[in-house]
Amino acid sequence: MSVLTAIKLYINKMIDNCGKGMKVFLLGKDTLPLVSITYAQSDLLKKEVYLFERIDNSARESMKHMRCIVFLRPTPENIQHLCAELKNPRYGNYHIFFSNIIAKPDILKLANADEHECVKEIQEFYADYIPLLDHVYNLNIKKISSAVSTSWDRSCLKRSADSLISVLLALRKYPVMRFSAKSELARNLVNSTYDIMKEHSHLFEFRRSDTPLLLVLDRRDDPITPLLNQWTYQAMVHELLGIENNRVDLSEVPGISKDMREVIMSPEQDSFFKDSLYSDFGEIGIKIKDLVDKFQKQQHSTAAIESITDMKKFVDNYPQFKKFSGTVSKHVAIVGELSRIVQDYNLLEVSETEQQMTTQASHSEVQQKISSLLRNPKVREMEIIRLVLLYCICYEGQSGHNPRQFIETMRNRGISEAKCKLATSIMNYGGKAVRGGQLFGEETKIAMTKKYFKGLQGVENIYTQHKPYMIDILQQLQLGRLKETDFPWHGGSPQRIGEIIVFVVGGITYEEIKSVHEWNISNPGNKVVLGSTCVHNCRSFLEAVSSH
């Protein structure tokens with residue numbers, strides 16, 4: 001049940017159908033990132049795909065000797081562009097593939113436009129989502145509602161429902177459904193998805209060896225996870241630097257070389273990254289140091305390498321090291337920047353206090369720690385905001401809960417009034433009155449445990465305690481204890497469920513992606529595919545919260 005493998009098979013089939021000869025990929029704004037994330041350009045060159053073009057680029061040259069693979073979402077805009085293309089074809093022939101169900105009137109439009117009879121085939125290949133890993137996909141939709149409403153933006157609802165239909169068809173699943181009861185967003189998405197399945201029921205006539213489940217959750221049910229600092233590699237890179245379509249912008253990193261200003265962080269194209277996605281920060285340092293040590297032995301170098309800073313200096317002084325392992329020099333630069341941010345902004349102490357709040361540790365002790373951190377000049381604005389917002393959520397309703405004192409400190413630190421108002425916005429977004437489930441119920445509390453990271457000097461020992469609420473939901477579901485009042489069924493309840501497709505309205509995090517990966521290893525009978533409108537870090541999450 002791999003969403004990434006499904007996309008790869010579809011793309012391979014498109015290329016094979018086109019036959020031998022020089023090919024061009026004609027793509028839309030939605031399918032271009034999908035192809036670039038799934039395949040390296042060098043791998044597509046081996047398959048005789050020499051050119052990648054956007055269908056909305058009217059300045060394309062005519063190349064009649066090339067075969068054209070058209071891969072588009074079946075949107076009105078794309079149909080219009082494609083009709084114009086077929087009336088004045090730039091390529092020898094066209095193999096057309098749509099990423100989702102195409103309406104019959106649109107097929108008729110294309111047939112009428114094909115005056116030169118260049119179209120060889122039209123097919124539906126269900127790839128209307130962006131795969132990130134085997135078990136994860138997203139839609140890159142950061143904002144799902146209008147500025148004046150907390151309900152779905154109509155186009156975002158359609159896009160999300162279409163993507164779910166595509167995933168279900170790609171994986172050949174006909175699921176039963178459950179959703180977060182308090183969320184109108186989740187309810188509306190389930191209803192829209194069910195209506196499309198009913199309208200196109202002939203497409204869902206699969207042999208059923210088990211009963212899969214589609215579980216639709218709402219980000220607002222767990223506003224804590226996106227606010228936390230992260231300490232595993234992929235999650236940490238996204239939190240502190242940002243990952244967008246497998247690209248990381250390092251242009252603001254002090255002293256970064258020109259060739260490192262933007263780097264690719266793709267598990268499919270970078271074996272070191274793939275092997276290190278869920279490694280903790282200390283382990284990454286050890287893995288990189290092992291490779292640097294290997295190079296040193298080859299060069300008979302005796303330079304002492306004891307820290308991440310030493311590694312950065314070594315790479316700078318040995319340009320031939322990049323030839324030995326360009327991938328590793330990229331990761332040395334990234335880990336070096338992560339280490340600088342952690343040290344400069346006191347993130348370990350901040351993170352320790354965050355983790356204590358997730359377990360609702362001693363209220364008075366936490367208040368003292370937050371007060372101290374808010375006065376610490378090393379603690380930057382982002383960490384101040386996340387500490388105050390976590391306090392608002394974690395201690396809501398408790399005796400002595402008083403976020404006003406912290407908000408006043410924020411003002412005294414020169415933080416804008418708009419950002420100070422986030423303390424109110426987070427309660428409107430995910431306070432007790434809004435969220436569903438039992439975020440702090442007895443079923444979700446976990447004991448404080450310490451997990452020490454061992455590694456290089458410069459990577460201090462830290463501990464983590466937090467477990468995403470999503471995992472508690474999955475555990476209760478597996479045990480048959482997930483309350484129907486909190487997560488009602490849509491369309492009947494089976495005796496036993498098999499694989500699970502979880503879709504989170506409003507965004508997921510890399511901490512949840514890691515937790516689902518670990519769940520899948522431990523629970524092969526209830527493996528999870530995780531999808532969402534986007535993948536948040538704290539910055540993008542606060543932008544979503546600010547509209548509430």
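Note: hydrogens, waters and symmetry copies are ignored here, and every other heavy atom, side chains too, is used. Positions are given from 1 along the sequence.
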Item to check | Step-by-step side-chain contact (heavy atoms from CB on, under 4.5 Å) determination, Ile473 to Asp486 | outcome: CA-CA 10 Å; Ile473 292 172; Asp486 292 334; over 6 Å; no

Item to check | Partners passing ring pair (Phe, Tyr, Trp, His ring centres under 6.0 Å) against His363 (at least two apart in sequence or in another chain) | outcome: Tyr391, Tyr395

Checklist entry - Is it the case that Glu512 and Thr509 place a side-chain donor and acceptor less than 3.5 Å from each other? => result yes

Next on the checklist: Can you pull out every salt bridge (Lys or Arg N to Asp or Glu O under 4.0 Å) where at least one residue sits in residues 416-426? Sequence neighbours excluded, please.
Outcome noted: Glu381-Lys419, Arg411-Glu417

Next on the checklist: Between Asn526 and Glu499 (side chain of the first, backbone of the second, donor and acceptor by atom type, cut-off under 3.5 Å), is there such a pair?
Outcome noted: no

Checklist entry - Any side-chain heavy atom of Ser151 within less than 4.5 Å of one from Glu184? => result no

Item to check | Where at least one partner belongs to residues 232-245, residue pairs that pass salt bridge (Lys or Arg N to Asp or Glu O under 4.0 Å), sequence neighbours excluded | outcome: Lys142-Glu244, Glu239-Arg386

Checklist entry - Is NZ or CZ of Arg380 both nearer than 6.0 Å to the six-membered ring centre of Tyr345 and within 45° of the ring axis? => result yes

Checklist outcome for this item: For Ala181 and Arg187 the tightest heavy-atom approach is O-NH2, 3.4 Å

Item to check | Criterion side-chain contact (heavy atoms from CB on, under 4.5 Å) against Ile284, the qualifying member of Val335, Ile334, Leu338, Val237 | outcome: Val335

Next on the checklist: List the residues meeting side chain to side chain contact (heavy atoms under 4.5 Å, CB included) with Ile224, not counting sequence neighbours, and say none if there are none.
Outcome noted: Asp222, Leu228, Thr358, Leu390, Ile393, Cys394, Leu439, Phe440, His466

Checklist outcome for this item: CG (Leu139) and CZ (Arg159) are apart, to the nearest 0.5 Å, by 5.0 Å

Checklist entry - Do Pro131 and Leu34 come within less than 4.5 Å of each other through their side chains, counting heavy atoms only? => result yes

Checklist entry - Between the side chain of Asp153 and the main-chain N/O of Cys156, is any donor-acceptor distance below 3.5 Å? => result yes

Checklist entry - Taking side chain as C-beta onward, heavy atoms only, is Tyr137 less than 4.5 Å from Ser163? => result yes

Checklist entry - Heavy-atom distance under 4.5 Å between the side chains of Tyr233 and His331, does that happen here? => result yes

Next on the checklist: When you measure from the side chain of Thr533 to the backbone of Val505, do you find a donor-acceptor pair of N or O atoms at a distance under 3.5 Å?
Outcome noted: no

Item to check | Step-by-step side chain to side chain donor-acceptor pair (under 3.5 Å) determination, Asp134 to His517 | outcome: CA-CA 10 Å; Asp134 282 329; His517 166 75; over 6 Å; no

Item to check | N-O pairing of Asp275 and Lys287 below 4.0 Å | outcome: no

Item to check | side chain to side chain contact (heavy atoms under 4.5 Å, CB included) partners for Glu268, two or more places apart | outcome: Leu4, Lys8, Ser266, Lys274

Item to check | Ser351 side-chain N/O to Leu348 backbone N/O, donor-acceptor pair under 3.5 Å | outcome: no

Checklist entry - How long is the gap from CG on Asn229 to CE on Met382, to the nearest 0.5 Å? => result 9.5 Å

Checklist entry - How would you list, by chain and number, every residue that makes a salt bridge (charged side-chain N to carboxylate O under 4.0 Å, His left out) with Asp221, sequence neighbours excluded? => result none

Item to check | N/O donor-acceptor pair under 3.5 Å between Ser546 side chain and Glu543 backbone | outcome: yes

Checklist entry - Does Asn188 use its side chain to pair, donor to acceptor, with the backbone of Asn191 at less than 3.5 Å? => result no

Sequence neighbours excluded and cut-off under 3.5 Å, please list the side-chain donor-acceptor pairs for residues 398-407, or say none.
from: His401; atom 1: NE2; to: Cys392; atom 2: O; distance (Å): 3.4
from: Asn402; atom 1: OD1; to: Arg404; atom 2: N; distance (Å): 3.4
from: Gln405; atom 1: NE2; to: Asn402; atom 2: O; distance (Å): 3.3

Next on the checklist: Restricting to non-hydrogen atoms, name the atom on Leu189 and the atom on Ala161 that form the minimum distance, rounded to 0.1 Å.
Outcome noted: CD1-N, 3.6 Å

Checklist entry - Among Val379, Asn412, Leu387, whose side-chain contact (heavy atoms from CB on, under 4.5 Å) with Leu374 holds? => result Leu387

Checklist entry - Under the side chain to side chain donor-acceptor pair (under 3.5 Å) criterion, do Asn537 and Ser540 qualify, and how do the steps go? => result CA-CA 6 Å; Asn537 56 17; Ser540 65; 3.3 Å; yes

Checklist entry - Hey, are the side chains of Lys432 and Arg435 touching, using non-hydrogen atoms and a 4.5 Å cut-off? => result yes

Checklist entry - At their closest point, which heavy atom of His135 faces which heavy atom of Val516, and how far apart are they? => result CD2-CG1, 3.6 Å

Next on the checklist: For residues 520-546, which residue pairs pass the ring-ring contact (aromatic ring centres under 6.0 Å, His included) check, not counting sequence neighbours?
Outcome noted: Tyr429-Phe541, His536-Phe541

Checklist entry - Are side-chain heavy atoms of Ile370 and Met357 found at a separation under 4.5 Å? => result yes

Next on the checklist: Ignoring hydrogens, what is the shortest heavy-atom contact between Ile508 and Ser532? Give both atom names and the distance.
Outcome noted: N-OG, 3.4 Å

Checklist entry - Is a donor on one side and an acceptor on the other found under 3.5 Å between the side chain of Tyr469 and the backbone of Gln438? => result yes

Item to check | Pairing residues for Arg247 by the side chain to side chain contact (heavy atoms under 4.5 Å, CB included) criterion, not counting sequence neighbours | outcome: Glu262, Ile264

Item to check | Step-by-step salt bridge (Lys or Arg N to Asp or Glu O under 4.0 Å) determination, Glu383 to Lys378 | outcome: CA-CA 10 Å; Glu383 273 56 61; Lys378 284 186 69 176; over 6 Å; no

Checklist outcome for this item: Residue pairs meeting ring-ring contact (aromatic ring centres under 6.0 Å, His included), one or both in residues 234-253, sequence neighbours left out, come to His238-Tyr510

Next on the checklist: Any salt bridge linking Lys467 with Asp472? Criterion: basic side-chain nitrogen under 4.0 Å from a carboxylate oxygen.
Outcome noted: yes

Checklist entry - Does any N or O in the side chain of Ser515 come within less than 3.5 Å of the main-chain N or O of Glu511, such that one atom is a donor and the other an acceptor? => result yes

Checklist entry - Which heavy-atom pair separates Val504 from Arg219 by the least distance, and what is that distance? => result CG1-N, 3.8 Å

Next on the checklist: Once ring pair (Phe, Tyr, Trp, His ring centres under 6.0 Å) is applied, do any residues pair with Phe179, and if so which ones, sequence neighbours excluded?
Outcome noted: none

Checklist entry - Of the non-hydrogen atoms in Leu422 and Leu542, which two are nearest, and what is the gap between them? => result CD2-O, 3.9 Å

Item to check | Validation row: Trp152, Ser145 side chains within 4.5 angstrom (heavy atoms) | outcome: no

Checklist entry - Within the side chain of Ser276, is there an N or O that forms a donor-acceptor pair under 3.5 Å with the backbone of Phe273? => result no

Item to check | Qualifying salt bridge (Lys or Arg N to Asp or Glu O under 4.0 Å) pairs, either residue in residues 516-542, two or more places apart | outcome: Lys514-Glu518

Checklist entry - Are the side chains of Asn245 and Asn140 in touch, meaning some heavy atoms are under 4.5 Å apart? => result yes

